[in-house]
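I have placed the structure first, in the form of structure tokens, so that the comments after it can refer back to it.
Here is how names work: the chains are called A, B, and so on, in the same order as the sequence lines, proteins then strands, and each is numbered from 1.
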Amino acid sequence: MICYLFAEPIYFLFSPDVPALLYYAHIPATVLALLVSFYVFWNGKHLLLNRLLLFIAVLFSFWTFMNLITWTNVHSDFILFIWSFFLLISSLILMYCLYFVYVFLYKKDISIKLKIIFLSLLAPIIVLAPTYLNLKGFNITACDAFGFEQLPFQVYYLLLGVLVMIWIFVLLVRQYRISTNNFKKQIILMGTGIELFIFSFFGLEFVSSFLARVGILFESDLELYGLFGMVIFMIYISILIVRFGIFNAKLIATQALMWGLVILIGSQFFFIKTDVNFILNGIGFVAAIILGQLLVKSVKKEIKQKEQLEVLLQQRESLTHLVTHKVKGAFTRTKYIFAEMLENTFGVLTPELKNIAQKGLESDNTGIQTVDLVLNAANLQTGTVKYDMKQVDFKNLVSEVFEEMKISAEERKLEYKINISDGEYKINGDSFWLKEVVHNLIDNSVKYTEKGSVFVNLEKKQDKIFFSVKDTGVGVTEEDKKNLFKEGGRGKDSVKINIDSTGYGLFTVKLIVEAHKGKIWVESEGQNKGSTFFVELNAI
Amino acid sequence: MKSRFTNFRNNFFSYVLVIVILIIGIVSFFRFIVKQDYLIGYEGECDPTIESCFIGCEDDTCTKEYYYTEIQKYAQDLMKQCGKNITDCELANVCLPEDNNCFVNFCDPEIDGEDACTFTEDFSVLEEDEEKFLEDNKMNENI
């Protein structure tokens with residue numbers, strides 16, 4: 001029978017009797033879903049997760065294609081044949097979303113038992129789909145079957161939708177609690193995407209058809225907005241690919257953005273009524289493709305250069321480790337030779353030879369310290385160092401290091417003082433590396449101060465601890481301040497005073513302080529006017 | 001053999017679904033397209049001067065009204081009587097004795113609301129009118 005109030009569609013799917021939003025909602029969502037899922041599938045055909053995503057997208061495309069037919073076709077028998085599959089396809093999408101979440105979370109296929117449970121849940125919908133318990137008839141005046149859909153079938157479908165949404169939510173929460181931080185972020189993204197998709201697609205579809213059936217809505221236009229849920233889901237999938245590289249796919253953000261833009265501009269064609277707008281949109285569409293491709297090409301080039309740079313940095317890092325270990329080994333061997341000589345292992349030394357051996361030993365110690373400094377800086381920079389964060393009494397730590405450095409300061413005849421304000425100085429940190437910070441700053445001040453004083457201060461203001469070392473040494477010029485905390489950066493004249501200056505000390509200190517969520521800075525009135533180094537840390 | 005079995009086990013969910021959906025497709029095709037086994041609902045003609053009709057609007061602002069009855073017929077019967085299109089088919093507006101599951105629903109102010117109906121005091125007129133039409137139809141068939 002023919003819907004006598006409606007015109008036959010042109011090219012099977014195009015009808016003047018439908019809202020323009022129909023095509024705008026269906027076609028971009030379907031194209032985007034197929035593009036993303038095929039891309040994902042292509043990058044890892046063997047992966048179950050990729051296959052499931054493709055399956056969901058294909059089912060969704062079937063659904064949208066069928067929906068377009070029911071909106072535009074005027075033959076009751078054909079529409080009913082298609083209509084009888086609606087809830088079946090929707091339920092399949094639901095179950096495959098659940099299956100997808102399982103594989104995403106547990107990284108393996110689900111058990112056969114679970115598959116049987118899924119099939120059992122689908123069974124009533126599958127078996128009853130072509131019967132009177134699903135669809136009884138068709139209204140050829142309104143050209144729909146809303147008034148003939150059977151309530152028990154609809155209710156079962158609704159309950160299935162709610163069950164799957166809750167099921168997915170519980171799975172996500174359970175797995176979230178025991179996952180690593182990185183996977184937690186992935187769970188949030190995937191969970192939000194899939195739940196939003198299910199909610200908008202199934203929720204709005206059901207509400208819309210229900211309102212149409214009870215006569216509150218004349219048309220079920222509301223369901224059209226639900227399809228944008230798939231767009232949201234695909235955006236989240238793209239973010240997961242770009243940020244976390246899941247699905248084994250290499251998609252760059254620019255590529256995703258470009259195709260998204262092209263699809264959006266392309267879908268404007270369904271809205272356009274005038275020739276001028278059609279031409280303008282056409283120009284915009286072509287320009288978006290060409291400029292987008294150029295942009296993608298340049299970004300890809302940049303990424304390639306970045307990857308090459310990373311390889312070079314890795315090579316440099318391994319070279320640094322190799323050289324420093326070899327050098328440290330050589331220093332250590334000669335250090336023991338000098339030490340043995342000083343202990344008269346090779347016979348009693350003359351005072352002259354003893355003096356030379358002593359200088360050799362001191363030189364080796366300095367060499368080993370320098371190598372350690374470079375090694376530490378490299379390890380801290382690459383994140384190889386794992387901080388053992390515990391509660392530390394910073395006051396004790398500073399006092400301890402202050403005492404250790406007392407001899408050096410006294411040898412240089414410097415006024416060497418400490419002031420610690422009253423209060424608790426507990427912080428959360430790694431005592432070994434914090435000691436390195438305090439030691440380095442005091443040691444620097446002592447080394448770069450020829451006469452005058454070195455003053456160590458520790459105070460607490462609210463929940464912040466301020467540690468500072470003030471000296472009357474060489475000072476820091478404005479120019480030096482810019483590079484002081486950078487890798488290899490040091491004061492312009494620092495080598496004149498300290499020939500062992502490596503430029504890695506303050507860089508290391510900065511890395512450690514920042515790893516403890518603190519701040520470091522220097523204040524100085526200029527060359528030869530002394531300087532004060534400040535460290536700010538969070539108290540607990 | 002073992003790998004084939006494992007492969008089947010892994011994809012069993014999809015295999016079963018594909019087979020079942022194919023079967024459902026065939027059954028559904030047979031029911032709706034071949035057998036035309038479903039009801040058709042539509043708006044039938046109605047004369048507001050003698051019948052209680054539903055009031056419909058021809059446009060969104062409802063400047064022009066039209067009157068109709070709600071009719072339901074078995075698709076197979078309607079197909080035999082009117083072909084694919086019911087426009088200008090008189091038999092589509094009435095239920096014939098040989099019709100299965102056919103009914104004509106006139107507007108009832110108590111159920112549908114007074115605003116939805118054209119008002120007729122004597123409903124017996126409707127029934128008599130329908131009976132008369134059916135008798136005439138039978139006589140015509142006998143001739």
Side-chain angles (χ1 to χ4, degrees), chain A residues 1-5 48 51-52 55 59 62 74-86 88-89 91-92 95-96 99 108-112 114-120 122-123 125-132 134-148 215 218, chain B residues 6 8-44 54 56-58 60 66 68-89 92 101 112 116:
Chain A
M1 304 305 301
I2 287 173
C3 300
Y4 54 94
L5 295 175
L48 180 61
R51 292 208 301 265
L52 287 174
F55 211 76
L59 282 172
F62 260 127
V74 292
H75 298 272
S76 63
D77 47 1
F78 186 58
I79 297 176
L80 271 178
F81 169 64
I82 298 287
W83 202 296
S84 65
F85 284 95
F86 264 130
L88 177 60
I89 301 286
S91 307
L92 276 174
M95 297 317 287
Y96 269 96
Y99 191 176
K108 60 175 186 183
D109 197 1
I110 55 172
S111 65
I112 197 113
L114 208 52
K115 284 179 186 175
I116 291 169
I117 292 173
F118 285 3
L119 275 175
S120 311
L122 280 171
I125 287 183
I126 295 172
V127 175
L128 301 177
T131 68
Y132 265 81
N134 179 14
L135 287 171
K136 241 179 167 177
F138 191 81
N139 186 323
I140 52 172
T141 306
C143 208
D144 64 44
F146 288 122
F148 292 93
F218 179 64
Chain B
T6 315
F8 174 78
R9 251 175 63 124
N10 290 343
N11 296 313
F12 130 94
F13 188 55
S14 305
Y15 289 149
V16 172
L17 278 176
V18 169
I19 293 165
V20 170
I21 289 168
L22 279 174
I23 295 168
I24 298 300
I26 294 165
V27 174
S28 205
F29 183 84
F30 186 75
R31 182 190 158 196
F32 293 115
I33 296 185
V34 178
K35 220 181 144 203
Q36 302 275 329
D37 179 19
Y38 59 92
L39 295 169
I40 289 282
Y42 51 95
E43 293 173 359
F54 288 97
C57 296
E58 287 194 356
D60 290 341
Y66 71 97
Y68 66 92
T69 52
E70 286 177 348
I71 305 177
Q72 225 175 70
K73 267 198 184 204
Y74 190 50
Q76 232 177 51
D77 296 338
L78 195 59
M79 194 80 169
K80 278 180 202 161
Q81 290 156 13
C82 301
K84 277 198 162 189
N85 199 338
I86 62 161
T87 320
D88 302 326
C89 178
N101 284 317
D112 304 304

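The CD1 atom of A:Ile140 lies 9.5 Å from the CD1 atom of B:Ile71; values are rounded to the nearest 0.5 Å. Once rounded to the nearest 0.5 Å, the distance linking OH of A:Tyr96 with CG of B:Leu17 reads 5.0 Å.
Listed options A:Ala145, A:Ser84, A:Ala129 were ranked by heavy-atom pairs under 4.5 angstrom with chain B; first place goes to A:Ser84. For the options A:Ile116, A:Thr131, A:Leu88, heavy-atom pairs under 4.5 Å to chain B are most numerous at A:Thr131. Among B:Cys82, B:Gly25, B:Ala75, the residue with the largest count of heavy-atom pairs under 4.5 Å with chain A is B:Gly25. For the set A:Ile2, A:Ile89, A:Leu80, the count of heavy-atom pairs under 4.5 angstrom toward chain B peaks at A:Leu80.
Around OH of A:Tyr132, the count of heavy atoms belonging to other residues, nucleotides or ligands within 6.0 Å exceeds 12. Taking a 6.0 Å sphere around OH of B:Tyr66, one finds it holds more than 12 heavy atoms contributed by other residues, nucleotides or ligands.
Considering every non-hydrogen atom in both B:Phe32 and A:Asp77, the closest pair reads O-CB, 3.3 Å. Among all heavy-atom pairs drawn from B:Ile40 and A:Met1, the shortest one is CD1-CG, 3.6 Å. Residues B:Tyr38 and A:Ser76 approach most closely at OH-OG, 2.8 Å, considering heavy atoms. Of all non-hydrogen atoms in B:Ile24 and A:Ile126, the two that sit nearest each other are CD1-O, 2.9 Å.
Between the side chains of A:Thr141 and B:Tyr68, no donor N or O sits under 3.5 Å from an acceptor N or O.
Looking at B:Tyr74, only its side chain comes within 4.5 Å of chain A, counting heavy atoms on both sides. Neither the backbone nor the side chain of A:Ile110 has a heavy atom closer than 4.5 Å to any heavy atom of chain B. Both the backbone and the side chain of A:Phe81 come within contact range of chain B, judged by heavy atoms closer than 4.5 Å. Residue contact with chain B, scored on non-hydrogen atoms closer than 4.5 Å, is absent for A:Leu5. Only the side chain of B:Gln36 has a heavy atom closer than 4.5 Å to any heavy atom of chain A. Residue B:Asn101 does not touch chain A at all, counting heavy-atom pairs closer than 4.5 Å.
The shortest side-chain heavy-atom distance between A:Leu119 and B:Val20 does not fall under the 4.5 Å cut-off.
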